[in-house]
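Each remark here refers to the structure printed beneath this line.
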Amino acid sequence: MLIVRLLGRYLLRSGIQRPGVPQRWLCAVQSVQCAEAVMIRSRTQIKRVLCVAEKNDAAKGIAEIMSNGRSRRNVTVTMTSVSGHLLGLEFKAPFQKWHSCNPVLLFDAEVEKYCPDNMTQIKRTLEKEVRQCQALIIWTDSLTQFICSRSGTNSSSYDFATFLYVCSHISNIQVFRAKFSEITPNSIQRACETLTEPDANISDAVDVRQELDLRIGASFTRFQTLRLQKIFPASLANQLISYGSCQFPTLGFVVERFKAIQAFIPETFYKIKVLHEFEEDTVEFSWKRNRLFNHTACLVLYQICMEDPIATVTSITSKPKSKWRPLPLDTVELEKLASRKLRINAKETMKIAEKLYTQGFISYPRTETNIFPATLALGPLVEQQTNSPAWGTFAQRVLDQPGGPNPRQGKNSDQAHPPIHPTKYTGTLQGNEARVYEFIVRHFLACVSQDALGQETVVDIDIAQEKFSTSGLMIIARNYLDVYPYDRWTAKVIPVYEQGSQFQPSAIEMVDGQTSPPQLLTEADLISLMEKHGIGTDATHADHIETIKSRMYVGLTPDQRFLPGELGMGLVEGYNSMGYEMSKPTLRSELEADLKLVSEGTKDKRSVLQHHIQKYKAVFIESVRKAKKLDEALSPYLGAAQEITEAEQQDMEIPLPVRKCPNCGRDMVLKKKREGNSKYLSCVGFPACKTAVWFPDMVLEVSRDDSVCPTCQPRPVHMLKFKFRRGTLPPMMPLEFVGCIGGCDETLREVLDLKYLRPGGGGGQGDPRPPPLRPPRPEPSRITNPRPSLPAPISSWTPPQPRPPPGGSVRGMNTSSDAIVCNCGQDAVLLTVRKDGPNQGRQFYKCNSGSCNFFLWADQPDQQGEPQGRGPPPRTPQPSRPSLGFRNIAGEGRGLEGRTGGGGHVGQTVCNCNEAVVTRTVQKDGPNKGRMFHACGKPREQQCNFFQWADENVPPQGKTHTDTPLCGLMWPGEKTHTANSI
DNA sequence: GCAAGGTC
């Protein structure tokens, strides 16, 4: 026994009083067949089956059919409805706010499926209902959601994964889908008998597309919007400037046509026209040569005609001609024809069609099919229309015609839905709903009736051996035209000519004309282009067009043609100038091909996803780098670009990852210090992760190289391109080279003293102050700053060891003012000198593990200058200088080290003569003009060749400095300037 | 505030 609780046609409806809660029906008779089918397929005993349909109306309709009778089996089948957008995809919370992160991070940010608030009731209903069931049947009529259409852009929120997600708490539930294209007993019964299994591969492809669309769309939209609002505040302050894989190519079509018109150069052409008046009419004969672009050539031929202007009829042919009835209606044709003939735009048309469908007046309006299936009985559908006072008679004619309804057959089928056709007669609709319904009915009746028939007569004449012709048309049977006012076919009357006869034309004229540019696109043109290039689906064309209008990318002329707006033009031109075909339909062709392979099961979802995320991320990074091109392209339209500050510019710049952070695993990127141009390597996890690498001042420039270190782990560890200050490297080393700081390059590690990573400390992104630099080897001591706010030193970064734990957790927060930390970042060990000698019994610190050569006398922790021979040299005071490869000046035995006072103050700097230096300014024209430097203060003839830039505080290297007297080089004339201090 | 995909 089944469904004893049947009340009327459907026995139980729940939640109908509460909006948003799906209705629920228990079903009978055919549901038994349905359940039996499940049992046969799954070979299990089924007690309860849950059916879900796409819409309440559909669910109700199917339930009604399935309940239309008595039950015999002890199986319960419940029907409920779901809605589109049951689950969406979104970034996890930290990335949702626009200012929460650099948009580039959206390529890697975690995403999750979520159920929007207004959908929770539906989700809950599904979860509750399915709990009792052993099988789930998906009755969504939009079968195309599981079929990658020709364009490959179909996607759906009803994908298999959605249902698995919703049913995830149910084990061993069988999931089937029922294929049906209309809610009729036959169709529903057939669906019950032909249950299929959902295709997980197609669901995977849908997932990939969805995720890529989200990442690409959101990242580019945020980038464009935030940047351009800043650059053009007057025009764009409140404008959302979106990017999407469908809307941009749609915009591209509009721009392309506009540019074609702009670039069009009209050409003058000439032709000969022959007129023949008869009775009160005139026939025009057209030239077989059509037109000539050479004036003289045309004139010669014209003059020849005029010399003997008698026309001889050379042939008369008369043959039947038909005007074909329209093809069965698919979505795209509906949109285009409604736009052209009814002047109702595609968006509005689809909205109306959807409503007509849910009211049961027409079939499903989203279809690519223009072939009526043989199984669809057209007679009854036509018969319903005989009720109409407007076209009822014609409908009857169709029924009466030999063979009955006889549709033309198109070439497309989505194997899911029949062409759009009326399913019920109604005469109660109003306004545009009535107009769209009438159009669908008339189109349907037209396409199942007969072609219009006519007789065409073609008359060829000859004037001085030039050929001309004209044609007349007699309409014999209007047929479909009687019901289809949207097509015109007009008869053309010409006199009766006889072959071989002659007549005198009433006029022979030479006329000129000009070639004309193409016209701006109509909505129908635009839809055709979208369809041709696979942009969007038949269900979404109208939405994308609406989007580019609402984003102010395009506008409509008074005659409803699309004209690109300033913003739209600028964006397309900007990206074009970068070399990215962001607005070209081919941009995603590789992606589409891969998605097809995923849907066929020949490519792996994850690898395809990763490949394309990385590809688009690279495009994005380049786009940001070249963002000025966008400004430049837009400024002719939107006015001068607003200058943005260096800091703002920097905020927008997107550094590429150099390597993974050894502490938290996130990317480490090169960042500019807030002051100056130098860079440091920072973890993007700042401030949560303070891992950073500071380069000493000897590094003038550092940038990321595209090459990847072959050995360092975890890959990829990108190489860095360095430029060093002159005089800071050993002579054998070039000043510019590409090296790896991953740990494999011992020389570089030593040069940069990059053995260790330190936390951002008081610096980091918020305050990127460089840490103290160290004097020349042997390595200096480093004493923890007693400030309690400083984080504890972190563990060392010495790849390729596995990622060390975060510093704080290893070392704890050691804020003791007495803490002495060695160069490894660990607490130094306190030892006592045992060896005989002057230091016997004296305490000193050294590296606990012996990894570094740290040494510090315990009784002189702050010592600035340690006597030679008594231990390692002292810590260099700030501002410190680079230390390596420092060259002595002019054969002097000592470096600058000894010449400059502890604080590096200029007043204490001495030259090679041990005199206090003077500061001068370069007077000579050139790149250094105006730059200050220190030099020997003696009269010119007695000067030593000491030289030092004031802003570098280091001596330059090379011949210029050591061998050539600087004075002569740098002081043209006697214009000198002495400064006491800087 | 973002995509494209859908519809209560």
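In what follows, chains carry the letters A, B, and so on, assigned in the order in which the sequence lines appear, proteins first and then strands, with residues in each chain numbered from 1. Only this structure's heavy atoms are used, side chains among them; waters, hydrogens and symmetry mates stay out.
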Inset, instruction - Select base, sugar-phosphate, or nothing to describe what A:Leu106 touches, counting heavy atoms under 4.0 Å on all strands. - result: nothing
Inset, instruction - Using a heavy-atom cut-off of under 4.0 Å over every strand shown, decide if A:His99 touches base, sugar-phosphate, or nothing. - result: base
Inset, instruction - Report yes if a side-chain nitrogen or oxygen of A:Gln247 is closer than 4.0 Å to either non-bridging phosphate oxygen (OP1 or OP2) of B:dA4; otherwise report no. - result: yes
Inset, instruction - May I have the distance from A:Leu240 (atom CG) to B:dC2 (atom P), rounded to whole angstrom? - result: 5 Å
Legend entry - Spacing between A:Phe91 atom CZ and B:dG1 atom C1', to the nearest angstrom: 14 Å
Inset, instruction - Go through B:dG1, B:dC2, B:dA4 for me and flag the one nearest to the A:Arg222 side chain. - result: B:dC2
Legend entry - Under-3.5 Å donor-acceptor pair between A:Glu90 side chain and B:dC2 base: yes
Inset, instruction - Test A:Asn345 against every option in A:Lys351, A:Glu335, A:Lys549 by the side-chain contact (heavy atoms from CB on, under 4.5 Å) rule and name the one that passes. - result: A:Lys549
Inset, instruction - Mind checking the CG-CG spacing from A:Leu521 to A:Leu556? Nearest 0.5 Å is all I need. - result: 11.0 Å
Inset, instruction - Could you tell me whether A:Glu211 contacts a base, only the sugar-phosphate backbone, or nothing, with contacts defined as non-hydrogen atoms closer than 4.0 Å? - result: nothing
Inset, instruction - Can you figure out which of B:dC2, B:dA4, B:dA3 approaches the side chain of A:Cys246 most closely? - result: B:dA4
Inset, instruction - Write down the distance between CG (A:Leu228) and C1' (B:dG1), rounded to a whole number of angstrom. - result: 15 Å
Inset, instruction - Taking only the side-chain nitrogens and oxygens of A:Ser242, find out if one of them lies under 4.0 Å from OP1 or OP2 of B:dA3. - result: yes
Inset, instruction - On DNA chain B, check which nucleotide each of A:Ala237 and A:Asp213 is closest to and give me the residue with the more 5' one. - result: A:Ala237
Inset, instruction - Evaluate whether the aromatic ring of A:Tyr243 and the six-membered ring of the B:dA3 base sit under 5.5 Å apart, centre to centre, with an inclination under 30°. - result: no
Legend entry - 4.5 Å side-chain heavy-atom contact, A:Met79 and A:Trp139: yes
Inset, instruction - List for me each residue that meets side chain to side chain contact (heavy atoms under 4.5 Å, CB included) alongside A:Gln642, sequence neighbours excluded, and say none if there are none. - result: A:Pro233
Inset, instruction - Round to a whole Å and report the spacing from OH of A:Tyr616 to P of B:dA3. - result: 16 Å
Legend entry - A:Ser363 and its side-chain contact (heavy atoms from CB on, under 4.5 Å) partner, picked from A:Leu329, A:Leu356, A:Ile440, A:Thr423: A:Thr423
Inset, instruction - Scan A:Thr225 against the nucleic acid and name what it touches under 4.0 Å (heavy atoms): base, sugar-phosphate only, or nothing. - result: base
Inset, instruction - Using only side-chain N and O atoms of A:Arg551, determine if any of them is under 4.0 Å from OP1 or OP2 of B:dA3. - result: yes
